[in-house]
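Heads up: the structure comes next, in structure tokens.
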Amino acid sequence: MSHDVFDPTPEYLAFWRERHVCTLTTPRPDGTPHVVPVGVTYDPEAGLARVISNRHSKKVRNVLTAPDGTARVAVCQMEGQRWATLEGRAVVRTDEASVADAVARYAERYGRTPSPNPDRVVLEITLDRAMGRA
């Protein structure tokens, strides 16, 4: 079932606000998918999803080495028969304001503030597709 990225149903948005481990899929340089567990926040007003990460991680390198430093990615979560996927183009943000905002959003969704990490960056995903059954 397709959803409007900027105007999801209340149930779909509520599902994205619950605490769930998600997956992030990025393309490796050879085109194969790299799938890892992550925490994701969804901001429908801005049409963005955010994943905090270490700048030295494979997922960050996959995005940075993609053409133009952007990569088509997907984040997904599921619980029982409920599931939700968000897709779009990811970029790596390193500026302090973007990182602090993403950490605050993560803390709100997951109920804990991550330990300080000077190597923290944000994968910011400009969304163009949402689907799922929530």
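What you see is a predicted model; the values in this text were computed from it and never measured.
We find the CH2-NE2 distance between W16 and H3 to be 11.0 Å, quoted to the nearest 0.5 Å. The CD atom of E11 sits 10.5 Å away from atom CZ of R82, with the distance rounded to the nearest 0.5 Å. The distance from atom CD of E124 to atom OG1 of T70, rounded to the nearest 0.5 Å, is 12.0 Å. The distance from atom NE2 of H34 to atom OG1 of T25, rounded to the nearest 0.5 Å, is 9.5 Å. Put simply, CG on L123 and CZ on R93 are 10.5 Å apart, with the number rounded to the nearest 0.5 Å. The CD1 atom of I52 sits 12.5 Å away from atom CZ of R105, with the distance rounded to the nearest 0.5 Å.
Using a distance-only test at 3.5 Å, with no hydrogens or angles considered, a donor-acceptor pair links the side chain of R109 to the main chain of E18. Looking at R61, its side chain does come within 3.5 Å of a backbone N or O of H56 through a donor-acceptor pair. Of the possible polar contacts, none joining the R55 side chain to the V121 backbone as a donor-acceptor pair under 3.5 Å is found. Remark: the backbone N or O of G111 is not paired with any side-chain donor or acceptor of Y106 at under 3.5 angstrom. At distances below 3.5 Å, not a single donor-acceptor pair connects side-chain atoms of R72 with backbone N or O atoms of P27.
One side chain, T32 or R28, offers a donor N or O that lies under 3.5 Å from an acceptor on the other. Looking at S57 and N54, their side chains never bring a donor and an acceptor atom within 3.5 Å of each other.
Cluster membership for M131 and L127, using ILVMFWY side-chain heavy atoms within less than 4.5 angstrom, is not shared. By the rule that hydrophobic residues join a cluster once side-chain heavy atoms approach within less than 4.5 Å of another member, V92 and V99 end up as members of separate clusters.
At most 12 heavy atoms of other shown residues, nucleotides or ligands fall within 6.0 angstrom of atom CG in D68.
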